[in-house]
Amino acid sequence: MSNQNRTIYGGKVNREKPINFVFNGKSYIGYQGDTLASALLANDVHLIGRSFKYHRARGILTAGSEEPNAIVQLGLGARTEPNIRATEVELYEGLEASSQNCWPSVNFDIGAMNNFLSRIFPAGFYYKTFKWPPSMWLFYEHFIRKAAGLGQSPTAKNPDRYEQKFYYTDITIVGGGISGLLAALGAGRSGCKVLLIDENPELGGYLLDYNFSINEKDGKKWLKKIIEELDGLANVTILKRTTAMGYYDYNYLTALEKVTNHHVEFSNTLPRERYWRIRSKKVILAQGAFERPLVFADNDRPGIMMASAGQKYLSRYGVLPGKSVVLFTNNDHAYLTAFEFVEKGAKVTVVDTRDLLNARISEKCKLLNIKVFKSYSVIKTYGDKKVNRIEIQQVDKNQNQLTGEVENIHTDCVLMSGGWNPAVQLFSQSRGKLKYDLKINTFVPDKIIENQKIIGSNNGQFNLQENLNESFEAGIAAANELNFNSVEKVNWTGKEEIEFTHSDVEPYMLGKKKVTKGSKHFIDFQNDVTAADIFLAQREGYISVEHTKRYTTTGMGTDQGKTSNVNALALMSHIHNKPVDEIGHTTFRPPYAPQTIGAIAGRSVDKLFDPVRKTSIHEWHVENKAVFEDVGQWKRPYYFPQNKEDIHQAVKRECLAVRNSLGILDASTLGKIDLQGPDAAKFLNMIYTNAWSKLEIGSCRYGLMCNEHGMIFDDGVTSRLGENHYHMTTTTGGAARVMSWLEEFLQTEWLDMKVFCTSVTEQWAVLSISGPNSRKFLEDLTNIDLSKENFPFMKFREGEVCGVKARIFRISFTGELSYEVNVPARYGRYVWEKFMEHGKKYNITPYGTETMHVLRAEKGFIIVGQDTDGSVTPSDMNMDWIVSKKKEDFLGKRSYTRSDTVRHDRKKFVGLLVNDKKTILPEGSHIVEKALKQPPMKMLGHITSSYYSPTLGYPIALAMLKDGISKMGEQVVVPLMNGKIIEATVTDTIFYDKEGKRNNE
Amino acid sequence: MFIINCPYCGERDQTEFTCHGEAHIARPDNPSEISDEEWGRYLFFRENPKGTHFERWTHDHGCRRWFNVMRDTVTDQIIKTYKMGEAKPEISNE
Ligand SMILES: [Zn+2]
């Protein structure tokens, strides 16, 4: 039998449009307009999943986004999503969902054993059990994850597209219930730009499910008209199926719009979800409230749900969740649901914790044949996979205990209502302060921080009549505060059969009695936290709310405790006999509800994840099978393997080609900054440690840049192009940092200096040719006189290369005769190919960054950021020669006389040669005073660079070594991770061509 | 996430900016003549007020200019932004 719980008439589902769906492998039929939860209830499916810790049978507690129990695995394959609230999933044709947290099936679940073993799973169980020893953590983690997993993540790549939208508006209204709608109307009529966000597919909120009148006429028709008017206002944008997730400083909100999640077919043109980033001059929060569960023994069985959820299933979806219903309440308003259920054919019994009852309600109950147990409490429930019986008992208010006979009621559905909690999550995220309201026994907004209003039940104001006019006026006032004209106020008279009054909610907590053994009073349904756990946490000293939360995991599930937090705090208040205000509350953090990472990432995935920078010669490298490495965002050839060479063979061949004939490196990624202005030389004098005033036009100089602490942070060669014109080079990774550094001092310290800095990194392609044949090779291709006399080392010349205007810098990072040929970037590949063609007779060899590193290490040239780490001075690197003694001031100078920088035992830059002539020391290895069996060992330094030197035929290493200069020739030991201890000799840092003859040729 | 009023470009989102710590710490004119303590004070010592704070910011993804921001560290409200070289605003006692 299908849809056996569907009422004969009523509800807003389209009974003409049946929808087929599958739950746990079984096919069902629902109707258009159903949620997965309503369709399951209609088909008498109450057991939806198993609980997190005890694997208890769980059903559907709510009808909205606060649902803690009915969370399912939705969809299949790459589109499957875990932890989806069945109460929010709009039914679509072919939908497939399954229970989570159960094996092998929801009806026969092995983990349910935990329920009987629960004495070994108390609060803090994981903390207590999986603490020591630390080495066991990997094992524990595996076990915990397996046992605690909620759903399954898809293993395939996400096939969907997610979009982001940046949006600016005058007023954002969160919540499309009656308050939000009227605020939007007030603001909208005033003419300002309004964004109205609601998480449901239909606007109207709470009033969609309850009967009410406006000016003594049917309220539903009035509501429809209001929505129609809003739809017609061009300045009002309405987002349905959109959940506001985060509320940050300066009225910055994020919201997740479900665009095609509920579609039958996934769209090629529309994204699955759209992530809104909203800036709003003003925000109006109108998110409403969540009904609060009552705490009693085994209050978690399927068939027990919130009264408002029962109301919604019945009135909106035409689903009667039970025929023999018990309403357990501490307030008047929930009686509306009792009346509704009777009207639709159910038998209803009411258990009310209060002893006095409004006469009108009493009368109506009599009329409808509803039996009311006053001053009674549900104390226990029974039923295996669904509730079938409850026990009730009288409450003695004076004695604070249960009294009298225990009575039994057979039932198939328990509706509970413990009052309402305003949905203060976003308000609290916006740093709004909360206070505890003793009349409605919950936290309500107190102090607002942002440019914001909070209205309706979201503000603890539940009375319809008051909400109507106040909300509309709040909208007008908000527009007014943004200088929009006021519009006329309207006076509506709104009525519900039972008015919500602020004095009829009785604080009721079964925890007042000692918790009965053998049954569980759930506070947090999703994380299986019981009243006993809260008691335990207090006994064990986890008394602050933040500690109780973490120790018991209350409110830490995917529902973030929307139904549980206030009850937990109320119980703590009871235990400590302190007002709830003094207990306080935990911090609310974004996101408001679970959200897909895909939406946050948006289009910033795959190729758009991070920009890739390529040189103008890049494609040649690709065509010639370069292996690339990432240097910042740059792609640089790492090496160019030929045939089946591995990296070692390729690097060896490349190194020897440079040393013996001719190599070519694409050095275009080098940072390049063009400096111009009358104060350029003066500026360089301050920026670099050495002197720049006397550098002639056409000359190049190496410089070190240090910060004010005196520590090296970049290096490079700067050349003087003209009277007031310099070309600075920086490390590839440091280019942006140096540019900012220069600008910082020009803009903040030396405002009178006339210097302009322009990044020209991408304007020039740099072809670095190196090797003894480089002059002979280049002579044929340029009109520049390359003779040793006319173009010596550390000079710069302009002319043509291969018919292209070029700047040539005669500088060397390999120690060989080298020329860095700069041509406009667009000619980079052209000239490179000419070079390759013409260089054949010298066996010109393209080389990558690894060969560059080896060659420079053979010469002892430093790489900033590899050999240095931000804590070394020029002196530490034996580069005192580059620190001017004459200049009165430069950045960092003063720090060279600080006690810390003049210490004698600082680490110094040295070379190391392993005694066995074959071990390549891993970079980062420690040099120790004495090698012991295990740490700690006294550390003397570490290896910064280490390679096999093809030129020399043995390994070389560079290191920072404590007092290294006075240790020349001494032996040191380097223990490796594999237990071996390597002995090495301290040497100077130049391993090859110590006199520097080769680059001076 | 702040909205920052760049003195050169106007209001922009915080993501376009970088904060560089406390403002109005002038580099000493005569570093070689001052004591280690004075130099150390310039290098390492910073205010950490609860309340009004003066900070240097750059509009990296915009005009790339440096400017100063007067911000309340409790409320995160930016009280004022102003150009480099302009005088430090008074803290009002409201
Ligand atoms: Zn700017």
Side-chain angles (χ1 to χ4, degrees), chain A residues 166-168 246-254 277-281 429-431 447-451 590 686 707-711 736-737 739-752 756-759 885-902, chain B residues 1-5 7-8 11-45 54-68 71-78 82-86:
Chain A
F166 291 80
Y167 195 77
Y168 295 82
Y247 192 144
Y248 308 86
D249 298 299
Y250 289 60
N251 277 345
Y252 175 64
L253 279 83
T254 56
R277 297 170 177 275
I278 303 156
R279 280 283 187 190
S280 194
K281 288 180 189 149
Q429 279 183 34
S430 77
R431 294 183 300 173
K447 199 177 150 215
I448 292 173
I449 303 292
E450 291 285 346
N451 193 345
M686 286 303 293
N707 57 24
E708 287 280 52
H709 301 176
M711 305 302 160
R737 192 162 54 233
M739 186 70 184
S740 299
W741 180 246
L742 303 182
E743 283 293 339
E744 175 177 350
F745 281 89
L746 286 173
Q747 290 189 38
T748 69
E749 284 292 342
W750 308 316
L751 276 73
D752 52 338
F756 273 105
C757 305
T758 311
S759 166
K885 305 279 180 299
K886 288 183 196 147
K887 286 200 291 181
E888 201 168 288
D889 192 13
F890 57 85
L891 298 183
K893 179 179 166 98
R894 177 62 184 82
S895 290
Y896 297 132
T897 51
R898 286 179 54 225
S899 54
D900 184 55
T901 43
V902 297
Chain B
M1 194 125 65
F2 306 163
I3 290 176
I4 298 170
N5 189 11
Y8 303 94
E11 289 188 346
R12 295 287 193 279
D13 201 278
Q14 188 185 336
T15 50
E16 296 183 12
F17 299 85
T18 307
C19 180
H20 299 271
E22 193 179 344
H24 299 289
I25 296 176
R27 186 172 191 271
D29 289 332
N30 49 350
S32 56
E33 291 160 28
I34 64 176
S35 67
D36 275 6
E37 283 69 28
E38 285 170 291
W39 183 248
R41 193 152 289 282
Y42 159 68
L43 281 186
F44 303 118
F45 286 74
F54 298 90
E55 305 168 330
R56 304 190 305 167
W57 287 72
T58 49
H59 193 188
D60 303 289
H61 305 283
C63 62
R64 296 190 63 94
R65 301 292 291 265
W66 288 67
F67 59 94
N68 288 331
R71 180 175 68 93
D72 190 310
T73 58
V74 179
T75 65
D76 264 344
Q77 288 303 302
I78 290 173
Y82 54 102
K83 292 177 183 174
M84 280 294 160
E86 288 179 16

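Order of the sequence lines fixes the chain letters, A, B, ..., with proteins taken first and strands second; residue numbering starts at 1 for each chain. Scope of the values below: all heavy atoms of this structure, side chains included, with no hydrogens, waters or symmetry mates.
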Taking only residues two or more places apart in sequence, or in another chain, which ones meet A:Ser899 in a side-chain contact (heavy atoms from CB on, under 4.5 Å)? none
Taking side chain as C-beta onward, heavy atoms only, is A:Glu744 less than 4.5 Å from B:Trp66? yes
Specify the closest pair of heavy atoms between B:Ile34 and A:Arg894, including all atoms of both residues, with the distance to one decimal. O-NH2, 2.9 Å
Evaluate the criterion side-chain contact (heavy atoms from CB on, under 4.5 Å) for residue pair A:Ser740 and B:Thr58; output intermediate values, then yes/no. CA-CA 9 Å; A:Ser740 299; B:Thr58 49; over 6 Å; no
Chain A contact via B:Ile4 - which portion, at a heavy-atom distance below 4.5 Å: neither
Which of the residues A:Lys893, A:Arg431, A:Glu888 is involved in the greatest number of heavy-atom pairs with chain B at under 4.5 angstrom? A:Arg431
Nearest 0.5 Å, what's the CD-CD1 distance between B:Gln77 and A:Ile449? 9.0 Å
The reported gap from CG in B:Asp13 to OH in A:Tyr250 (rounded to nearest 0.5 angstrom) is 11.5 Å
Quick check: do A:Glu743 and B:Arg65 have side-chain heavy atoms less than 4.5 Å from each other? no
Around atom OH of B:Tyr8, are there more than 12 heavy atoms from other residues, nucleotides or ligands closer than 6.0 Å? yes
Suppose we screen for side-chain contact (heavy atoms from CB on, under 4.5 Å). Which residues come up paired with B:Ser32, at least two apart in sequence or across chains? none
Side chain to side chain, B:Phe44 and A:His709, heavy atoms closer than 4.5 Å: yes
Distance from A:Tyr248 atom OH to B:Gln14 atom CD, nearest 0.5 Å? 12.5 Å
Taking B:Arg27 first and then A:Asp889, would you say they form a salt bridge - that is, a charged N and a carboxylate O separated by under 4.0 Å? yes
Judged by modelled atom types alone, do A:Glu708 and B:Tyr42 share a side-chain donor-acceptor pair under 3.5 Å? yes
